[in-house]
There are 2 protein chains.
Amino acid sequence: MLTIGEFSQLTHLSVRTLRRYHDAGLLEPATVDRTTGYRYYTPEQIPAAQVVHRLRELDVPLADVQRILHSPDAATRAGLVADHLQRLERELDRTRAAVVSLRRLLRPEPAPLDVELRVLPATTVAAIEGDVTHDEVLGWYSGAMAELDAVVGEPTGSPGGLYDNSLFTEGRGHVLVYRPATMPPTTGRVRPVTLPAVELAVTTHAGEHDDIDVTYGQLGTWVVANTLAVAGPVRETYLVGPRDTPDRSAWRTEIGWPVFHVTRAEGSPLPGGTDV
Amino acid sequence: MLTIGEFSQLTHLSVRTLRRYHDAGLLEPATVDRTTGYRYYTPEQIPAAQVVHRLRELDVPLADVQRILHSPDAATRAGLVADHLQRLERELDRTRAAVVSLRRLLRPEPAPLDVELRVLPATTVAAIEGDVTHDEVLGWYSGAMAELDAVVGEPTGSPGGLYDNSLFTEGRGHVLVYRPATMPPTTGRVRPVTLPAVELAVTTHAGEHDDIDVTYGQLGTWVVANTLAVAGPVRETYLVGPRDTPDRSAWRTEIGWPVFHVTRAEGSPLPGGTDV
DNA sequence: GATGCTGCCTCCCCCTGGGGGAGAGTCCAG
DNA sequence: CTGGACTCTCCCCCAGGGGGAGGCAGCATC
C-alpha cells in the first residue's frame, strides 16, 4: 500500500490532482481509512494512473477519461481514444487555419475589396435546412450537399447557403443549403424553399475559407461606410468550390450580406487601415 | 457608430465576449454613453477585433493579446506572435509525444524490466544547478550542458542529471546537471558538487523520452514490490544521447531512483498488468 | 511518554474564458 | 406612446486545476 505522496512520486501526478481524480471517480484509491480519511494506493494502479496522465495531456475531458478507463473491452477503449485523436486532428486544422489567417491580418495593407450592391428577386430552390453548431457545420454541409446532389442531378447553377449570424457569434444557428432547381422535389430532407427577395452587398472571397472572415470584416466595413445596416442571414454562393477543382486557391465564394438603407446622423467613417 | 449587436455581427464575436473584452481592457468601445452605459464601436475597430479573434483561436491568453495589440511597432508585435507560434509548436510536440506514449501504454503487455540495485559512493562532479519549471527544463538542460561541455572539455563519462520529484508532480523543482570531472572547475554557472552516496534502483530506458515515464512507472512498481521506498531526487544518466547519435531509437537513458529499505507489514503485491 | 516534523485531511477562494439567465433600463418604429 | 428588440449589470455555472488555512495522523527522536 502506498500513501498518496508515494503514489504521486511514482506516477508524476500531483497530490492535489490525485485527490481530485478520486473525487471525480476515476482512479479511486484501493483503500481509504474510514477514520482518518487517508488514501492508500497499490502499485497495480500505477499503469492506470499513467493512462489518465496521458489522456489528460491530450486534453481528454475527465468524464471521457472515466469512460475510457471503465469501458469493458479493448476495442471500445481504442475507439474512444481514436475519437479523441480525430478531435485533436480537427483542432490542429483549426489552429493551422488561424495561423494562416493571422499572417494575412498582420500583413501591411489588405487589398481593397470590390463590393457590389445587388437586388435579388425571390427565388425558389431545392434546400435542406437545419440547426447546427459551428463545429458541426462543415460535416453537416457535406452531408446535405451530397443529398441535394443526389436529388437534383444535373448542375443547375452554383450552390449556396444561408447562415444565421448567431452561427458565427454564438456558435450555433440556423443553416440552409440549396441548389437552384426548376422543379424542386420533396425527397428526404430536401424541400422546395423560396428565398425572399433581398438587397445584398456582395463581394467575392478568393481561396480557401481559412481567413474568410477577414473578407467578412472588410465587407462589413463597406456596408457601414455606405450607410447600410445588416438584416438577416448572410448568403454564401460557391462559384468555384471543391466540387469544381481540388486547387483551393482557385475557389471563389460570393458573400452576400442582406442590407437595408439607414440614415445616420454622424458622418460615416471611411473604411481604412488599423493600427494592428 | 455601431451598437454592440451590430459590431458583433460584423466581427463574429459574441456580445458577451465583446463586453468581456471591454472589461479586460482590450477592444474598448470607441464611445460609452455616460448615462446609459451603451457601448458604441466604429468600423475602424473591426480589424482589431479580428486580430483578437484569431489570437484567441490560437489560445493566446487575453493578457498577451493585450500586449500584442498595444505594442507600439510592428516588429514587436511580430515577435510576440512568433513567440506564441513557437509555443504552439512545443505544445504540438507534447501532444505528439503523448500520442506515442499512449499507444505504448495501451499495447497488450509491457516488456518486463531489468532493474538492478546499485550502491553508489559519493562522487564529485562538475555541475550546474537551477530551479526550473517543467516547460523550461528542456531548454535549460541544453544551455547548461553546452556550458558544461565548454568548461569540461574531453569526454569523461556519461553526463547525467538529478531531478526533484516536484519537477514532475508539481511542474517545477530543483535540477542539477553534471558531467564527471576529475578536477571540477568553478567557471560561470559551473560548480564542483559532491553527489551524496546513495543506493539506487537502476533501469535503462531505450529510445527517446516521449514515454519515459512509463519506464518510471515500471521502475516504481519494482521498487515498491521489493520493499523499498523512494528517497530524494531521481538520477538520470545519459549513456547514449543526442550528442552520441541522431538516431533517437538508439538512445539509452539510465534511470536511478534513490531508495532505502523499509519493512512493510502486508505482503508486497507483484508488479503486474492493468485492465487498461 | 512528550515533542515536533512531516504528511495528510477538508474547505474555501482564486485563476482562465467563457455561457445562462434574471431583472431593469433604452432605443426606435409604427 | 406603446411594444418589442436591444442593452445594461449582476450573479451563478462550467472545467481543471493552484494557493493556502487550519486541523489531525504517523513516526522518529529525545
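All heavy atoms count here, side chains included; hydrogens, waters and symmetry mates do not. Naming convention: chains lettered A, B, ... in sequence-line order (proteins, then strands); numbering from 1 in each chain.
- With rounding to whole Å, A/Arg56 atom CZ is found 6 Å from D/dG16 atom C1'.
- Of the residues in residues 31-39 of chain B, those with a non-hydrogen atom less than 4.0 angstrom from any atom of DNA chain C are B/Thr36, B/Tyr38.
- The phosphate of C/dC8 (OP1 or OP2) has a side-chain N or O of A/Thr3 nearer than 4.0 angstrom.
- Rounded to whole Å, atom C1' of C/dT6 lies 13 Å from atom CD of A/Gln9.
- One can place CE of A/Met1 at 16 Å from C1' of C/dC8, the figure rounded to the nearest angstrom.
- Toward the 5' end of DNA chain D, the nearer of the two residues B/Asp23 and B/Glu170, judged by each one's closest nucleotide, is B/Asp23.
- Atom pair A/Leu18:CG and C/dC9:P shows a separation of 10 Å (rounding to whole Å applied).
- Residue A/Ser14 places no side-chain N or O under 4.0 Å from the OP1 or OP2 atom of D/dG16.
- In this entry the distance linking CZ of A/Arg20 with P of D/dA15 reads 11 Å, nearest Å.
- Note on A/Tyr40: nothing from the nucleic acid sits closer than 4.0 angstrom, heavy atoms only.
- The distance between atom CD of A/Glu57 and atom C1' of D/dG17, rounded to the nearest whole Å, is 15 Å.
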Please determine whether side-chain hydrogen bond (donor to acceptor under 3.5 Å, both in side chains) holds for the pair B/His22 and B/Arg39, giving the CA-CA distance in whole Å, both sets of side-chain angles, and the decisive distance to 0.1 Å.
CA-CA 9 Å; B/His22 178 197; B/Arg39 298 168 177 84; 2.8 Å; yes
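- Ring-plane geometry between B/His12 and A/Trp257 is classed as tilted, the angle between the planes lying from 30 to 60 degrees on a 0 to 90 degree scale.
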Run the ring-ring contact (aromatic ring centres under 6.0 Å, His included) check on B/Tyr216 and B/Phe168 step by step: do they pass?
CA-CA 11 Å; B/Tyr216 267 91; B/Phe168 304 112; 5.7 Å; yes
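- When the nearest nucleotides of DNA chain D are assigned to B/Thr169 and B/Ile4 by heavy-atom distance, the more 5′-ward of the two goes with B/Ile4.
- As judged by a 4.0 angstrom heavy-atom cut-off over every strand, B/Arg19 is placed among the base-contacting residues.
- Side-chain to base pairing of B/Arg16 with C/dG21: one donor and one acceptor N or O lie within less than 3.5 Å of each other.
- Summarising the geometry of A/Asp213 relative to B/His53, their closest heavy-atom pair is OD2-ND1, 4.2 Å, with the distance given to 0.1 Å.
- Within 6.0 Å of CZ on B/Arg94 lie more than 12 heavy atoms contributed by other residues, nucleotides or ligands.
- Remark: B/Arg67 pairs with B/Asp64 by the salt bridge (charged side-chain N to carboxylate O under 4.0 Å, His left out) rule, at least two apart or across chains.
- The separation between A/Asp64 atom CG and D/dC14 atom C1' is 15 Å, rounded to whole Å.
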A/Ser8 vs A/Leu13, test: side-chain contact (heavy atoms from CB on, under 4.5 Å). Steps then yes/no.
CA-CA 5 Å; A/Ser8 163; A/Leu13 290 162; 5.7 Å; no
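- The side chain of B/Tyr21 places an N or O atom within less than 4.0 Å of a non-bridging phosphate oxygen (OP1 or OP2) of C/dG18.
- Here the P atom of nucleotide C/dC15 and the CG atom of B/Leu62 are 14 Å apart, to the nearest Å.
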